Amino acid sequence: MAAILSHHPYMFSTLTRFTFNSTPNSHNVTKIHCSNVSVTNTNTSENRQITLSNGTDSLNICRVLNGMWQTSGGWGRIDRHDAVEAMLRYADSGLSTFDMSDHYGPAEDLYGIFINRVRRERPPEFLEKVRGLTKWVPPPVKMTSSFVRDSINVSRKRMDVESLDMLQFHWWDYSNSGYLDALKHLTDLKGEGKIKTVALTNFDTERLQIILENEIPVLSNQVQHSIVDMRPQQKMAELCQLTGVKLITYGTVMGGLLSEKFVDTNVNIPFAGPAINTPSLQKYKRMIDAWGGWSLFQGLLRTLKQVASKHGVTIPTVAVKYVLDQTAVAGSMVGVRLGLSEHIQESNAIFSLVLDEEDVNGIREATAKGKDLLKVIGDCGDEYRRA
């Protein structure tokens with residue numbers, strides 16, 4: 001990769017060249033820099049909140065985020081009133097950060113209704129703790145200032161906010177360098193107060209470095225990361241450590257596959273086990289197949305069940321905590337089926353869970369039996385760009 005060409009007033013205090021070779025966890029750094037990006041844990045008794053900071057940009061979020069992909073269809077019919085009531089219950093319990101996208105069906109609209117309920121029915125200090133993170137996933141067309149502005153204004157209107165707490169940007173085609181233009185326009189909108197913080201989603205390590213070389217300050221990169229999919233720890237986390245960019249993870253419970261429901265089952269035989277009948281279950285079942293298959297996955301589930309039983313929690317709680325403890329991870333997503341099912345107690349149990357050395361070693365031993373997904377799939381986000 002190219003060297004970082006110039007000093008960035010927010011991100012870097014010296015310059016660096018960060019290059020990777022084909023061996024995971026191997027890199028050459030010709031000059032180490034110190035980052036001005038910081039992460040501060042608040043509520044140290046439970047590590048519930050975390051503050052991402054980058055120069056003058058700052059955002060406090062809950063480390064367990066409520067993922068709203070499940071509102072987009074495929075998980076059951078969402079009733080608007082029931083969904084908003086569920087969002088209030090999550091926020092009242094302390095799970096006050098919601099993650100959505102411009103293409104997650106009615107997610108942004110639901111947040112707009114929810115945040116107005118909060119404004120009317122909760123005290124001002126409660127409103128200050130609520131966060132709405134959204135994504136922009138545009139087609140790879142010419143990224144003009146007006147196109148970017150108009151697109152972001154749609155999300156601002158749907159979410160009924162003057163300024164988006166965080167805009168996470170996705171780009172489909174790296175051969176089109178328009179992503180840099182888009183990010184520069186997003187940074188301009190941040191300067192105008194229409195966006196509080198700019199971040200990424202599903203970018204790989206190489207492109208993250210290019211973005212930073214172009215002096216575009218980003219707070220985080222949202223990537224797929226689970227006990228099965230440890231790719232972010234092989235390349236991405238190293239660059240994050242050097243630059244201070246943080247990871248927000250999704251797929252951390254693999255759509256529910258990392259749960260007691262699938263222990264000692266065989267989903268490869270029709271009607272012999274729980275149905276793989278939602279978009280998330282189908283997506284992450286393919287990830288298990290790439291990693292090593294269902295039989296090997298059963299061994300991992302049994303290990304996780306032992307750890308969960310030892311601590312009096314559930315497998316999903318262990319799965320999320322394990323990823324939260326990884327290098328550069330600021331927060332992890334747990335999908336919410338608003339108005340259909342709730343996992344508030346399980347999610348809150350994550351904050352008090354402490355995995356000991358025996359737990360971690362057991363999990364590592366079980367995961368080491370699977371394939372290296374960096375070699376099978378590629379770096380973070382490559383699953384969306386493979387031919």
Side-chain angles (χ1 to χ4, degrees), residues 65-80 83-84 86-87 97-115 131-144 146-161 163-174 176 178-179 181-183 185-186 189 194-195 197-204 207 218 220-225 248-252 254-255 278-284 286-287 331 333-340 380-386:
L65 297 88
N66 305 311
M68 295 179 66
W69 180 30
Q70 285 79 357
T71 66
S72 61
W75 287 265
R77 181 181 177 275
I78 297 292
D79 178 86
R80 178 170 295 195
V84 173
M87 293 175 75
T97 300
F98 296 85
D99 179 88
M100 65 213 81
S101 177
D102 60 344
H103 68 286
Y104 287 0
E108 290 184 334
D109 300 299
L110 290 171
Y111 184 84
I113 299 170
F114 157 76
I115 201 65
R131 296 289 179 265
L133 285 53
T134 195
K135 306 180 195 73
W136 182 42
V137 186
V141 298
K142 185 173 179 61
M143 292 289 113
T144 64
S146 60
F147 179 78
V148 175
R149 180 183 299 272
D150 290 346
S151 299
I152 298 313
N153 282 341
V154 171
S155 289
R156 291 173 59 227
K157 182 177 180 180
R158 292 179 69 191
M159 296 173 67
D160 200 9
V161 293
S163 180
L164 301 174
D165 288 328
M166 176 181 281
L167 191 285
Q168 300 164 105
F169 174 66
H170 174 91
W171 190 250
W172 292 108
D173 182 10
Y174 290 146
N176 180 344
Y179 66 90
D181 296 325
L183 283 164
H185 294 317
L186 290 172
L189 291 174
K194 292 178 171 58
I195 301 170
T197 59
V198 175
L200 307 172
T201 181
N202 292 316
F203 273 80
D204 66 7
R207 254 54 62 161
V218 294
S220 59
N221 186 20
Q222 186 179 137
V223 294
Q224 183 173 293
H225 192 351
I248 295 175
T249 75
Y250 66 87
T252 310
M254 305 190 75
T278 68
S280 53
L281 287 172
Q282 293 161 2
K283 173 182 180 179
Y284 296 114
R286 291 192 293 272
M287 196 62 55
M333 206 81 58
V334 176
V336 289
R337 299 175 65 178
L338 298 171
L340 299 175
C380 298
D382 282 356
E383 61 269 28
Y384 297 102
R385 301 178 180 90
R386 300 174 71 188

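Every value quoted in this text rests on a predicted model; they were computed, and no experiment measured them.
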Walk me through it: do Asn202 and Tyr250 pass the test side-chain hydrogen bond (donor to acceptor under 3.5 Å, both in side chains)?
CA-CA 10 Å; Asn202 292 316; Tyr250 66 87; 2.6 Å; yes
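At least one side-chain heavy atom of Leu189 sits less than 4.5 Å from a side-chain heavy atom of Arg149. For the pair Val84 and Leu110, the minimum side-chain heavy-atom distance is below 4.5 Å. The shortest side-chain heavy-atom distance between Gln224 and Lys283 falls under the 4.5 Å cut-off.
When atom types are taken as modelled, the side chain of Thr71 and the backbone of Gly105 share no donor-acceptor pair closer than 3.5 angstrom. A donor-acceptor pair under 3.5 Å is formed between the side chain of Thr201 and the backbone N or O of Gln222. Using modelled atom types, one side-chain atom of His185 and one backbone atom of Met143 make a donor-acceptor pair closer than 3.5 Å. Asp102 places no side-chain N or O within donor-acceptor distance of the main-chain N or O of Trp136, the cut-off being under 3.5 Å. The closest donor-acceptor contact from the side chain of Ser155 to the backbone of Ile152 lies at 3.5 Å or more, if one exists at all.
Scanning for side-chain hydrogen bond (donor to acceptor under 3.5 Å, both in side chains) contacts around Asn153 gives Arg156, with sequence neighbours left out. For His170, the ring pair (Phe, Tyr, Trp, His ring centres under 6.0 Å) partners are Trp172, not counting sequence neighbours. For Asp173, the salt bridge (Lys or Arg N to Asp or Glu O under 4.0 Å) criterion is met by no residue, not counting sequence neighbours. Remark: Tyr111 pairs with Phe114 by the ring pair (Phe, Tyr, Trp, His ring centres under 6.0 Å) rule, at least two apart or across chains. Scanning for salt bridge (Lys or Arg N to Asp or Glu O under 4.0 Å) contacts around Asp109 gives Arg158, with sequence neighbours left out. Applying the salt bridge (Lys or Arg N to Asp or Glu O under 4.0 Å) rule to Asp204 yields the partners Arg207; only residues at least two apart in sequence or on another chain are considered.
When all heavy atoms of Thr134 and Ser101 are compared, the pair lying nearest together is OG1-CA, 3.5 Å. Pairing each heavy atom of Gly255 with each of Leu281, the nearest pair is O-CD2, 3.3 Å. Nearest heavy-atom pair, Asn176 versus Tyr179, reported as atom, atom and distance to 0.1 Å: O-CD2, 3.5 Å.
The CE atom of Met68 sits 10.0 Å away from atom NZ of Lys135, with the distance rounded to the nearest 0.5 Å.
Ion pairing between a basic and an acidic side chain is recognised when a charged N comes within 4.0 Å of a carboxylate O; Asp181 and Lys142 show no such pairing.
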